[in-house]
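Input: a single structure, listed below in structure tokens.
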There are 2 protein chains.
Amino acid sequence: MLKEERQHSILNEVELHNRVLLTDLADKLNVSVDTVRRDVKELDEENMLIKVHGGAVSLGFTNHAPQRNNVYALDKKIIIAKKAISLLRNNSVILIDGGTTCLELAKLLPTNLKLTCFTLSLPVAMELLRKPNVETIFIGGALSKDSQMAMGPSTIHALSDIKVDYSFIGTGYVDPEFGLTEFDWDVVQTKKAVINASKKTVLLCISEKLNSQHRFKTCHLNVINTMITELEPWDAKLEAFKNLNIQIL
Amino acid sequence: MLKEERQHSILNEVELHNRVLLTDLADKLNVSVDTVRRDVKELDEENMLIKVHGGAVSLGFTNHAPQRNNVYALDKKIIIAKKAISLLRNNSVILIDGGTTCLELAKLLPTNLKLTCFTLSLPVAMELLRKPNVETIFIGGALSKDSQMAMGPSTIHALSDIKVDYSFIGTGYVDPEFGLTEFDWDVVQTKKAVINASKKTVLLCISEKLNSQHRFKTCHLNVINTMITELEPWDAKLEAFKNLNIQIL
DNA sequence: TTTAAACTTGCAAAAAACTGCAATTTGATT
DNA sequence: AATCAAATTGCAGTTTTTTGCAAGTTTAAA
């Protein structure tokens with residue numbers, strides 16, 4: 001008997017009776033209790049049922065629906081997103097870049113805030129669609145598999161027709177002297193076009209990225225109007241950024 | 001025995017019993033287990049079945065779908081998607097519309113098939129990004145909240161620059177006399193632009209939608225090159241569509 | 001608190017999967 | 001028809017996965 005068959009049977013049994021004992025399953029399926037235990041453990045890890053001492057119960061029986069987000073430094077990004085939201089007014093026209101910080105911004109947008117919102121990022125667009133008072137426009141183009149964003153020539157061309165009030169962008173690396181830098185050339189080109197399409201550009205950036213750099217340069221920091229980190233404004237790590245004529249939140 | 005023939009037998013066996021052991025197949029087909037294993041691996045990559053340790057299970061049988069989708073008539077849509085996939089060749093340039101049937105098509109695209117793929121639909125784009133050999137281009141524009149698709153003037157304009165080999169579209173309603181109709185005016189305009197951007201248009205349509213109509217007309221059926229339903233070609237429900245000079249799968 | 005059942009961990013045997021290679025078949029081209 | 005390149009297939013050696021068992025620990029119910 002295939003493992004898949006066995007697990008399928010286990011799921012059926014759990015759905016049918018809402019609860020099962022490992023010993024009963026082992027008996028019914030003609031395998032050792034250890035095997036059943038391992039199966040149930042796997043199914044539990046796949047969120048198909050919930051393992052309990054001595055057996056398993058069905059998902060519907062409890063109120064467990066954990067879609068766990070595994071975002072690095074999520075708490076910091078939430079702080080940043082909230083600060084960014086404080087810049088927004090009703091009927092602003094904004095652009096939201098990709099990356100997990102910008103995604104957090106999209107998630108946390110107040111439902112009563114009226115916005116017109118451009119984006120290049122598939123996940124951000126998904127979130128924006130859930131906001132009843134946000135009109136979402138996706139900037140088309142070739143999609144990058146790892147960043148799930150539109151980028152490249154046709155995206156850059158589409159951006160040339162746009163001028164938004166604020167754009168919120170992330171960056172791979174930022175340094176007070178070298179400015180914003182990236183690992184990837186396409187990303188740099190696209191971010192440049194985003195900045196060009198904005199009256200004001202807001203950089204969202206967790207403190208881990210401060211004072212780091214890589215091979216391709218997006219822009220110098222003086223092109224940025226506002227930089228938002230999770231740090232308090234008087235934090236020492238921000239010292240080097242304070243001479244640069246940019247607003248720091 | 002030809003490879004093609006053998007793989008066909010394997011598929012039959014899987015569909016019939018929901019599960020098979022590699023050893024049984026090797027025995028039955030008089031080839032080595034390695035050969036069967038390679039066949040099953042290929043079929044798995046083409047999303048015709050799911051390879052598991054020791055054998056294979058049919059698509060509908062899997063417990064490995066963490067979030068069980070609650071799509072109406074999913075099994076029918078899977079049949080339709082498989083038929084649609086049989087039209088595709090390496091290096092085809094295609095466009096995939098929104099809707100759950102088209103989404104299923106995107107999900108089931110073989111991982112080894114090289115495609116350039118345009119789409120207007122956020123969920124479809126998400127799926128396409130998971131295919132290593134598919135280059136995905138999103139047609140930008142204002143996003144509709146309920147259909148999660150780009151539509152409207154800017155989308156239509158972007159489509160005017162494109163001519164794909166095949167477009168796969170869904171429809172709200174279809175009738176042999178009135179053709180494709182929709183509830184929504186914007187949708188109709190966008191679908192017209194999609195059809196214009198295609199050398200050949202393929203309609204994906206579950207049988208429930210046959211012989212139904214609504215207020216806005218996308219096009220007459222003679223504009224469609226191929227219509228795919230889950231029905232067998234000789235099904236009586238398809239009778240009225242057979243005079244229309246369209247290929248029916 | 002006691003105690004039997006359930007769990008964890010490590011291990012070993014068997015089954016299955018993967019890898020590289022060589023023999024064979026297939027197909028296209030001259 | 002001859003020949004070469006590519007695909008297919010089976011085999012042998014190695015690695016991984018699965019499974020049951022045993023020894024020690026934890027859990028939960030009386």
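Convention: sequence-line order gives letters A, B, ...; per-chain numbering from 1. Everything numeric here is computed off the predicted structure, so don't read it as measured data.
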Could you note down all residue pairs passing ring-ring contact (aromatic ring centres under 6.0 Å, His included) where residues 97-141 of chain B supplies at least one of them, sequence neighbours left out?
A:Phe138-B:Phe138
Which is more 5' along DNA chain D, the nucleotide nearest B:Arg38 or the one nearest A:Arg38? Just name the residue.
B:Arg38
Does A:Glu230 have any side chain to side chain donor-acceptor pair (under 3.5 Å) partners at least two apart in sequence or in another chain, and if so, which?
A:Ser207
Distance check needed: D:dT8 P versus B:Lys41 NZ, whole Å only.
13 Å
Who pairs with B:Lys28 by salt bridge (charged side-chain N to carboxylate O under 4.0 Å, His left out), at least two apart in sequence or on another chain?
B:Glu13
For A:Val33, answer base if it contacts any base atom (sugar-phosphate contacts may also be present), sugar-phosphate if it contacts only those atoms, and nothing otherwise; contact means non-hydrogen atoms under 4.0 Å.
nothing
What distance separates B:Asp165 CG from B:Ile94 CD1, expressed to the nearest 0.5 Å?
9.0 Å
When the rotation axes relating C1' atoms of four end pairs to the next four are compared across the helix from C:dT1-D:dA30 to C:dT30-D:dA1, five pairs an end, they differ to 10° by 40°
B:Gly54 or A:Lys51, whichever maps to the more 5' nucleotide of DNA chain C
A:Lys51
List every contact pair, protein side and nucleotides 15-18 of chain D side both N or O, where the distance is under 3.5 Å.
residue: D:dT18; atom: OP1; partner: A:Lys3; partner atom: NZ; Å: 2.9

Over all strands shown, is A:Val52 touching base, sugar-phosphate only, or nothing at heavy-atom distances under 4.0 angstrom?
sugar-phosphate
Taking side chain to side chain donor-acceptor pair (under 3.5 Å) as the test, write out the residues that go with B:Arg19, two or more places apart.
A:Glu5
Integer-rounded Å distance: D:dT8 C1' and B:Glu4 CD
14 Å
If you assign A:Met1 and B:Asn30 each to the DNA chain D nucleotide with the nearest heavy atom, which residue ends up on the more 5' nucleotide?
B:Asn30
Sequence neighbours left out, what passes side chain to side chain donor-acceptor pair (under 3.5 Å) with B:Glu135? Give chain and number order.
none
Could you tell me which residues satisfy side chain to side chain donor-acceptor pair (under 3.5 Å) with A:Asp39, sequence neighbours excluded, listed by chain and number?
A:Arg6, A:Gln7
Neighbour count above 12 (heavy atom, 6.0 Å) for B:Lys145 NZ:
yes
What is the 5' to 3' range of DNA chain C, first to last nucleotide, that sits under 4.0 Å from any heavy atom of chain A?
C:dA6 to C:dT8
Under the side-chain contact (heavy atoms from CB on, under 4.5 Å) test, which residues partner B:Lys114, sequence neighbours left out?
B:Asn90, B:Asn91, B:Asn133
By side-chain contact (heavy atoms from CB on, under 4.5 Å) - contacts of B:Asp27 (at least two apart)
none
Just jot down the side-chain contact (heavy atoms from CB on, under 4.5 Å) partners of B:Ile195, sequence neighbours excluded, or say none.
B:Ile169, B:Thr201, B:Thr218, B:Cys219, B:Val223
